[in-house]
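Residue numbers count from 1 along this sequence.
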Amino acid sequence: MPTLGDVHRLYDFLRRHPTGVDSFWALLLLGLGLLAAAEEHGASTTQTAVLLLTMVSLCLAIALRRRAPVAMLLVTIVSGLAQIAADVQVHTGDLAMLVIVYTVASGPVRWASRLALAGGLAAPVLFLARWPVHSRNTAEFAIVVASLTTPFVLAWVLGDSMRTRRAYWAQLEERAARLEKDREQQARMAVTAERARIARELHDVVAHNVSVMVVQADGAAYVLDASPDQAKQALETISGTGRQALAEMRRLLGVLRTEEGTTEGGDYVPQPDVEQIGDLVEQVRGAGLPVQYEVEGAPRPLPSGVELTAYRIVQEALTNTRKHGGPEAGASVRLTYFDDGLGLLVEDDGRGAQHELYEAGGADGMGHGLIGMRERVGMVGGTLDAGPRPGGGFRISVLLPVKPGGR
């Protein structure tokens, strides 16, 4: 007994060999037609030859209807006209006319579809003109005409409906493919944006911590002989800063190693927040940069993106002060809690940065400090104003909204 799997395999085989299936039905129709023709008597030699020729032609049209539908439509029209001209009555092979009308109507060639419909409507008229029907009243004649015309119209309507359905499914498939392509593109863009964010994180970590380590190393070398205790303290600061930098870099590089953002056995530090700005200021003070730090307003929980942005802005601003402010520079950091946001003001009284560092958003050819600041602030929907201070030095003013926004 055949199983469901056998039925599926048979169905797949038939779908893969459509011409073979059509050829089987064509041969079956040809056999039935020849049997019917053998029982007829009284036909002339010409009529018999036309009968056989048209029967073979129509069965051939069925066999090749999917490979060359337009050509087979023309073969069917010629065969029908030959039957009328030779006075060959309707035979079994004429069923191919309905099949060809359906096939052409379901295809993409619109002029051929219209020609098939015109031929289907004209066939009953030519039939009645060649072999008139003597009816007693108009109703009987109308019934005869309708019975001859309706099969052709139904065949064309079914074929055209199939064409419309195929076009609809093709449109759905195209839309699905386009959406899938858009999703892939958005995924690639998201990966690119994430890597850019990680690059900014790495820049902040490396620039800040390495600059602290360089300053401490220079100080340790300067006081090594005169004050070993200060040199030891500086080396301890270098060691702690290096460990912190390694921990943050391990976390960021771990995101690049896995799709989930975690690695087996990896130790990740939490993202910096506003509360750690005080520790950051103390670290910078220990590196030799005088920093005044004050908080205005009532501290309260903020979105993690806002807190991370605030921390990185202060970190980058103090790093730039050490780079460009000069040896006698000092800085101040003021954190202000508003009802609808968080304000940051970082100022220094040093030499300030070069003009192109803030005019072009930080395009100094080396790092991406101010560019990274503007990108971070823009991602949370905030505003940033960076430039020289009146009277000397540099000033960075940032307003970060509490509600999520931005790009």
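With D160 as reference, R110 is the one residue of R165, R114, R110 to meet the salt bridge (charged side-chain N to carboxylate O under 4.0 Å, His left out) rule. Checking each of H17, R67, R66 against D22 for a side chain to side chain donor-acceptor pair (under 3.5 Å) leaves exactly one that passes, namely R66.
Interatomic distance, L128 CG to T149 OG1, rounded to the nearest 0.5 Å: 8.0 Å. Taken to the nearest 0.5 Å, the CG atom of L172 stands 10.0 Å off from the CD atom of E174. In this structure, CG on L148 lies 12.0 Å from CG on L121, to the nearest 0.5 angstrom. Here OG of S23 is found 8.5 Å from CG of L60. Values are rounded to the nearest 0.5 Å. A distance of 12.5 Å separates CD1 in I313 from CG in L345, rounded to the nearest 0.5 Å. Summarising the geometry, atom CE belonging to M97 is positioned 10.5 Å from atom CG belonging to L73; distances are rounded to the nearest 0.5 Å.
Here F152 and W156 keep their ring centres 6.0 angstrom or further from each other.
Using a 4.5 Å heavy-atom threshold, the side chains of V109 and S113 count as separate. Two residues are said to be in side-chain contact when any heavy atoms from C-beta on lie closer than 4.5 Å; P303 and V402 meet this criterion. Contact check for L344 versus I396: no side-chain heavy atoms found under the 4.5 Å cut-off. Within the 4.5 Å cutoff, the side chain of V295 has no heavy atoms near those of the V274 side chain. Taking the side chain as every heavy atom from C-beta outward, L30 and V56 approach each other to under 4.5 Å. Side chains of V70 and V104 form no contact here, defined as non-hydrogen atoms less than 4.5 Å apart. Q47 places none of its side-chain heavy atoms less than 4.5 Å from the side chain of V50. For the pair T103 and M72, the minimum side-chain heavy-atom distance is 4.5 Å or more.
Nearest heavy-atom pair, R285 versus Y293, reported as atom, atom and distance to 0.1 Å: NH2-N, 3.6 Å. Across L400 and V306, no two heavy atoms sit closer than the pair CD1-O, 3.8 Å. Here the closest non-hydrogen pair linking A331 and L318 is CB-CD2, 4.0 Å. Closest approach of S79 to L58, counting heavy atoms only: CB-CD2, 3.9 Å. The heavy-atom pair separating T54 from H91 by the smallest distance is OG1-NE2, 3.3 Å. Shortest non-hydrogen contact noted between A146 and P151 is O-CD, 4.4 Å.
Heavy atoms of other residues, nucleotides or ligands lying less than 6.0 angstrom from CD of Q292 number 12 at most. Residue R175 qualifies as open at atom CZ: its count of foreign heavy atoms under 6.0 Å is 12 or below. Residue-environment remark: CD (E180) exceeds the threshold of 12 foreign heavy atoms within 6.0 Å. Atom CZ of R130 has more than 12 neighbouring heavy atoms from other residues, nucleotides or ligands inside a 6.0 Å radius.
Of the possible donor and acceptor atoms, none in the side chain of D385 sits under 3.5 Å from a partner among the backbone N and O of S397. Side chain of T150 to main chain of S147: no donor-acceptor pair is present (N/O by atom type, distance under 3.5 Å, no hydrogens or angles).
Note on E184 versus K181: no salt bridge recorded, every NZ/NE/NH1/NH2 to OD/OE distance being 4.0 Å or above.
Side chains of Q315 and R312: a donor-acceptor N/O pair is present below 3.5 angstrom, by distance only.
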For the pair W131 and D87, evaluate side chain to side chain contact (heavy atoms under 4.5 Å, CB included) and give the outcome as yes or no after the intermediate values.
CA-CA 9 Å; W131 298 286; D87 193 19; 2.7 Å; yes
For V284 and R322: C-alpha separation, side-chain torsions, deciding distance, then whether side chain to side chain contact (heavy atoms under 4.5 Å, CB included) applies.
CA-CA 9 Å; V284 173; R322 287 197 304 271; 3.5 Å; yes
